[in-house]
Protein chains: 2
Amino acid sequence: MPAVSDAEDTAVRAKQIPEAAVARLAVYLRILSGLAEQGTTAVSSEELSAAAGVNSAKLRKDLSYLGSYGTRGVGYEVQVLVSQIERILGLTRQHRVAVAGIGNLGHALANYGGFPGRGFPVEALFDLDPDLIGVPVGGLPVSHMDDIPRVCSEREISVGIIATPPTAAQSVCDRLVAGGVQCILNFAPVVLQVPAHVEVRKVDLAVELQILSFHVARRADSAAGAGGGTPENQGNAGLPGTGRPADNGSGGRNGAGTDGGLGMVVR
Amino acid sequence: MPAVSDAEDTAVRAKQIPEAAVARLAVYLRILSGLAEQGTTAVSSEELSAAAGVNSAKLRKDLSYLGSYGTRGVGYEVQVLVSQIERILGLTRQHRVAVAGIGNLGHALANYGGFPGRGFPVEALFDLDPDLIGVPVGGLPVSHMDDIPRVCSEREISVGIIATPPTAAQSVCDRLVAGGVQCILNFAPVVLQVPAHVEVRKVDLAVELQILSFHVARRADSAAGAGGGTPENQGNAGLPGTGRPADNGSGGRNGAGTDGGLGMVVR
DNA sequence: AGGTGTGAAGCCATTCACAGCG
DNA sequence: CGCTGTGAATGGCTTCACACCT
């Protein structure tokens, strides 16, 4: 492997990591952090993949995007993997977060008072409701939506979370972008329009439920079509660690609102 | 197209619809419902795809999984598409929902008091906290986690939502399964083990944020690597409808907890 | 031996481009 | 003539299987 600068190296590699692999790396990171906490210093691809609910080949491929940090015949050092994944995911920098829409969900997010162990501190809250402005939620006073651009820019917010009703979402999004926010996590059931340099991810609860509904319906229908009852593997309910690990499909989505809605609309 | 029974037809088709397309169909459904409400009776693939943030070829392909319900040279009837998508997604049946873990997020979900316009009524709430048992949240009294199997079975719950801390998630999951729940939406940052007949989807906020972080880091790194500033399309912040529609990557995930955590762990 | 790292093969999803039909 | 519906081409992710290293 040729010698390249570390920053350059990260940049080049990062470009080639499949989106799907990035999502899994985040999962591995959580598991590895847990292992590190309980004092484990080494893992094999087999162990780690089992914990993450993927097969070991996929895990090894995913880790190979980081570089070659394993020892053949042995496995991986937990600490090394943690550092490397953090590096690739950009978790060495701070990402200051703003939450817009302090309704049910917004409250839940804000009460967090600073996100994970490290990396995503909540630094601003926004709402329209006059009764809420200035009131501290999770230790942070709520500002008015009109001040989004100024406050975000002042506090160097880089991540915006939209938890407003769908009707307000685009306007809030525009103000976040004006405030210099680089990425947005959108809980409102709306397709946001953003300039090319802004990254958006959507979480849509309604869609998640409907996908589940689809799978139930499919099973029921095919059972009916085949003419039989449901000859399904029924066993082992209540026995942890016995079933198959649940892999989740693609596309994540969800809806939320300041005024008590999670923004779900079906018909 | 040959004549087959409607149930059989649904079953056969449903088997072949790609998971990714199912997620998008749910999005189209929301948009179509909005159009129907405001009195629109017809749409072209171009219009609908623009609203959904996908290209028209993909939209047509997706709709083709339902059957041929468009009129060439004209477009689609809104009502027809709504009915067909609802049929495929299994939204003609009721899916009774239970929420386990009445913390910040659980509260938000429960306060909903019955999910969308129709289809996913919340019929049971569970928690461990003795102070919470029997207290109505969103009009529904909280039951004890120990009663999950009995209550779920009595009330014919088919969808379970797990909003507990990660440590409790698997045990809650097992009880939900024992109570006959067919699908689970998991907000806890844990890989659940379930029998084959149970469908799980995971929503993980920590992972979503980390994916966003990755993209920011990638941009920053490649800018640094290229030696230049950021020659990015900066324009049009604050101008609705001007930017590109945001498409979201794969894999959805998130974490939540009874006791105020959304279960995020980084390091 | 034993487990990692990875080309190659296979599979699924998206995109293209145009035939077909109203 | 215009827009739908769809085979065929493309591209990306996953799986396989084994060479390679410790």
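Per chain, numbering begins at 1; letters A, B, ... match sequence-line order.
Residue Lys61(B) places none of its side-chain N or O atoms closer than 4.0 Å to OP1 or OP2 of dA13(C). Regarding contacts with the backbone of dT15(D), every side-chain N or O of Arg60(A) stays at 4.0 angstrom or more from both OP1 and OP2. In terms of phosphate contacts, Ser45(A) brings no side-chain nitrogen or oxygen within less than 4.0 Å of OP1 or OP2 of dG3(C). The shortest distance between the side-chain N/O atoms of Tyr65(A) and the OP1/OP2 oxygens of dC13(D) is not below 4.0 Å. Contact annotation: Asn55(B) reaches the phosphate of dT15(C) (side-chain N/O to OP1 or OP2, under 4.0 Å).
Computed from coordinates, the Leu63(B) CG to dG5(D) P distance equals 7 Å when rounded to whole Å. One atom, CG of Leu25(A), and another, P of dT14(D), lie 11 Å apart when rounded to the nearest Å. Rounded to whole Å, atom P of dT6(C) lies 13 Å from atom CD1 of Ile17(A). Atom C1' of nucleotide dG3(C) and atom CG of Leu59(A) are separated by 12 Å, given to the nearest angstrom. If you measure from atom NZ of Lys58(B) to atom C1' of dG5(D), you get 17 Å, rounded to the nearest angstrom. Glu77(B) has its CD atom 17 Å from the P atom of dC3(D), to the nearest Å. For the pair Glu19(A) CD and dT14(D) P, the interatomic distance rounds to 11 Å; values are reported in whole Å. Taking atom CD of Gln84(B) as the reference point, atom P of dG5(D) lies 12 Å away to the nearest angstrom.
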Exercise for the section: Run the numbers on Tyr28(B) and Leu59(B) for side-chain contact (heavy atoms from CB on, under 4.5 Å), then give the verdict. Expected result: CA-CA 9 Å; Tyr28(B) 305 152; Leu59(B) 177 122; 3.8 Å; yes
Practice task
For side-chain contact (heavy atoms from CB on, under 4.5 Å), just list the numbers for Asp174(A) and Val194(A), CA-CA rounded to whole Å, side-chain angles, deciding distance to a tenth of an Å, and then say yes or no.
Solution key: CA-CA 7 Å; Asp174(A) 293 337; Val194(A) 294; over 6 Å; no
Exercise for the section: Walk me through it: do Ile88(B) and Phe214(A) pass the test side-chain contact (heavy atoms from CB on, under 4.5 Å)? Expected result: CA-CA 7 Å; Ile88(B) 287 286; Phe214(A) 166 80; 3.9 Å; yes
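Among dA19(C), dG5(C), dT6(D), the nucleotide with an atom closest to any side-chain atom of Arg72(B) is dA19(C). With distances taken from any side-chain atom of Thr71(A) to the nucleotides dC13(D), dC16(D), dT22(D), the minimum falls on dT22(D). Counting only heavy atoms from C-beta on, Ser64(B) has its side chain closest to dT6(D) among dC13(D), dT22(D), dT6(D).
The pair Arg201(B)-Glu19(B) counts as a salt bridge, with a side-chain nitrogen and a carboxylate oxygen less than 4.0 angstrom apart.
Leu32(B) CG to Glu86(B) CD: the interatomic distance, rounded to the nearest 0.5 Å, is 10.0 Å.
Along DNA chain D, the nucleotide nearest to Ala21(A) and the one nearest to Gly73(A) differ in position, and the one closer to the 5' end is contacted by Ala21(A).
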